[in-house]
Amino acid sequence: MTIQKVLLRYEPEKKNILPAIKAVNEDSGWVSEEAVGKIARYFGVSEAHVFGVASFYDEINTKNLAQLIIEVCDSANCQTKNADKIIKSVESFFRIKEGDSNRKFSLKRMSCVGRCLEGPVIRLNGTIYTKTTSDKAIKLIQEYLGLDY
Amino acid sequence: MVKILTENWIFGKSLNLQDYLKVGGYKALKKVFKKMKPIEVVAEMKKSNLQGRGGAGFPIGLKWEAVASQKARPKYFICNLDESEPGNFKDRSLAENNPHQILEGIIIGAYAVGVSKAFLYINGIFKEAGQKIEQALEDCYQNDLLGKGILGSKFNLDLEIFYGAGAYICGEESALINSLEGKRGEPQIKPPYPSECGLFGKPTIVNNAETLSSVAWIIENGGKKFAEIGKLDSPGTKLFSIDGAVNNSGLYELPMDKTVEQLIETAGGVKAGFELRFAQIGGSSGRIVPKSLLTEIPSYSREAEIPVGSGSVLVVSAHEDLKKILLSWINFFQRESCGKCVPCREGTFRLKGILERLDNGDFNQEDRQDLYKLIWTLDNTTFCPLGKFSVVGLKDVIRYKMLKELV
């Protein structure tokens, strides 16, 4: 869908700025500089305003990120359920470092998603997986990347 | 034991409109329209002394009264369901299990303060809860419970759901309002309070979803009866999300007169083979309760040694690596610091560096000095309470002499 088409789903009112940015992000996977310009013109606000909002929220990407975004919850509850071990295993198995991002994948910590009872929780491209172990996490990531990885 | 919030939950099934009506749902709303003036609804809430369940514990009656007396039009009503305190899942569970109970609270509240436009701000990650709320909204519109002339009265209310985009700070009311206005979710200076100058500059109520879930019960049974449950200066029941080294971790509804020890017992006690080191009440911004304080009662009363906050209980055993928990707290607050004020943005970042060195065994003399300065700065100089929150746990770790063992 073109950005314009996504935007036309919203009335150009202030309260629709964030929902529209989210919709563009969902549609294209990220919010590019070009998209920021279009959103700004549509709502009649500055590009700086739109970019400021887009870059503020965790759920919106202002960079064209990796094919697979791996997020591990490290809030206290998941931490007591060995979240750190999962990060360490993923790091060593896929030879990446937490915080790094290459074209294939990026690995980062995320905040609580309220599924503490089913922890530890990880997210792969936004989909939540619960009761994760190191082995389960590695398997899931392999499935996302294609099994030969 | 009296249950208000979870009374009608059917395990594993969300209550739809039919189910909710069957258990007496929207009876309170009908009573309000038939017998009560808005001012009487506010008076009933004041009598109940129901306090805000989001964490701050501000009496809902006073908030409603403040907005009801405002002359400016329009006014707005916002239900805060942006739950994101680590270890909490009460609001999400309420929305998933009994969404209409929240909606009934919103409609009664909107009537009481004279609002015709309300929003429900929900954490963007809560997909299932969002679907349940959307379905409930649709059912309400189709059954004359929302829209024009609700239940044959002259009262109109439009309720809109608004999804957040992942920011802890948006649970703070002024940041939430900024977010709704399409801005960065940064907190605003107070005063003016949202009750005078909130959404789009108009008087606005922001109430937590758990708080609103008690409203219908209070209207039906009377504020006086609610005020008699539990502790007198912190009445009513509360949802506790109990997790960690306990046998039956889960969500429990209890009156707020239980000691920390009783809360742990409710969740089946500490797991066999584990030894309790401390419990943390109210998520990562909550106080630490060592063994010596297990008889304290967490509540919203001013004299409470342990504030109940959002009501999560994390039981930490002696098996846990305390350094990892310290890191978990600071990682969270560093990530969620909005960046508006320097002490919080830089303070959490530097503190994280120090705690990482502590974890790696590189903690030096300079770090020790900086640690205390940073704690003071975060505790005293940040724009909003997030900075203060980031060191609550760490301060307690120092207070109860646990830091010594780590260095």
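Excluded from the calculations below are hydrogen atoms, water molecules and symmetry mates; all remaining heavy atoms, backbone and side chain alike, are included. A, B, ... follow the sequence lines: proteins, then strands. Residue 1 opens every chain.
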With only heavy atoms counted, which part of [X] is less than 4.5 Å from chain B, the side chain, the backbone, both or neither?
{"X": "A/D74", "answer": "both"}
{"X": "A/I128", "answer": "side chain"}
{"X": "A/R115", "answer": "both"}

Heavy-atom pairs under 4.5 Å with chain A - which of [options] has more of them than the others?
{"options": "B/F162, B/W329, B/Y163, B/F126", "result": "B/F162"}
{"options": "B/I125, B/D321, B/N123", "result": "B/I125"}
{"options": "B/G87, B/S284, B/A167", "result": "B/G87"}
{"options": "B/A245, B/A165, B/G393, B/S241", "result": "B/A165"}
{"options": "B/G244, B/S312, B/P86", "result": "B/P86"}
{"options": "B/S84, B/G283, B/G250, B/G339", "result": "B/G250"}

At a 4.5 Å cut-off on heavy atoms, which part of [X] comes close to chain A: side chain, backbone, both, or neither?
{"X": "B/C338", "value": "both"}
{"X": "B/S249", "value": "both"}
{"X": "B/E160", "value": "side chain"}

Option from B/L251, B/L263, B/T266, B/N88 for which side-chain contact (heavy atoms from CB on, under 4.5 Å) with B/F240 holds |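 The single option meeting the side-chain contact (heavy atoms from CB on, under 4.5 Å) with B/F240 is B/L263.
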Less than 4.5 Å apart, any side-chain heavy atom of B/M402 and any of B/I288?
->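 They are in side-chain contact.
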Validation row: B/I264, B/I242 side chains within 4.5 angstrom (heavy atoms) |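 Side-chain contact under 4.5 Å: no.
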Please check this pair: side chain of [X] against backbone of [Y], looking for a donor-acceptor N/O pair closer than 3.5 Å.
{"X": "A/E91", "Y": "A/E98", "answer": "yes"}
{"X": "B/S213", "Y": "B/A209", "answer": "yes"}
{"X": "B/K324", "Y": "A/Q79", "answer": "no"}
{"X": "B/T348", "Y": "B/C344", "answer": "yes"}
{"X": "B/S179", "Y": "B/A175", "answer": "no"}
{"X": "B/T204", "Y": "B/K202", "answer": "yes"}
{"X": "A/T80", "Y": "A/N77", "answer": "yes"}
{"X": "B/E320", "Y": "B/L322", "answer": "no"}
{"X": "B/E128", "Y": "B/E96", "answer": "no"}
{"X": "B/N97", "Y": "B/S93", "answer": "yes"}

Judged by modelled atom types alone, do B/N80 and B/E173 share a side-chain donor-acceptor pair under 3.5 Å?
->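 No, no side-chain donor-acceptor contact under 3.5 Å.
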Hey, are B/W9 and B/E253 close enough side-chain-wise for a donor-acceptor pair under 3.5 Å?
->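 B/W9 and B/E253 do not have a side-chain donor-acceptor pair below 3.5 Å.
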Contact leader toward chain B among [options], where contacts are heavy-atom pairs under 4.5 Å:
{"options": "A/G126, A/C78, A/S111", "value": "A/S111"}
{"options": "A/R123, A/M110, A/K81", "value": "A/M110"}
{"options": "A/A20, A/A83, A/C112, A/C73", "value": "A/C112"}

Please work out which of the three classes, parallel, tilted or perpendicular, describes the rings of B/Y76 and B/F119, given edges at 30° and 60°.
->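 Geometry flag for B/Y76 against B/F119: tilted rings.
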Among residues 8-17 of chain A, which ones touch chain B with a heavy-atom distance under 4.5 Å?
->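 From residues 8-17 of chain A, the residues near chain B are A/K14, A/K15, A/I17.
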How would you list, in number order, the residues of residues 39-64 of chain A that have a heavy atom less than 4.5 Å from chain B?
->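 Residues A/H49, A/G52, A/V53, A/S55, A/F56, A/Y57, A/D58, A/E59, A/I60 are the ones that qualify, each having a heavy atom under 4.5 Å from chain B.
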Do B/Y168 and B/F332 make the cut of ring centroids closer than 6.0 angstrom?
->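 Yes - the distance between ring centres of B/Y168 and B/F332 falls below the 6.0 Å cut-off.
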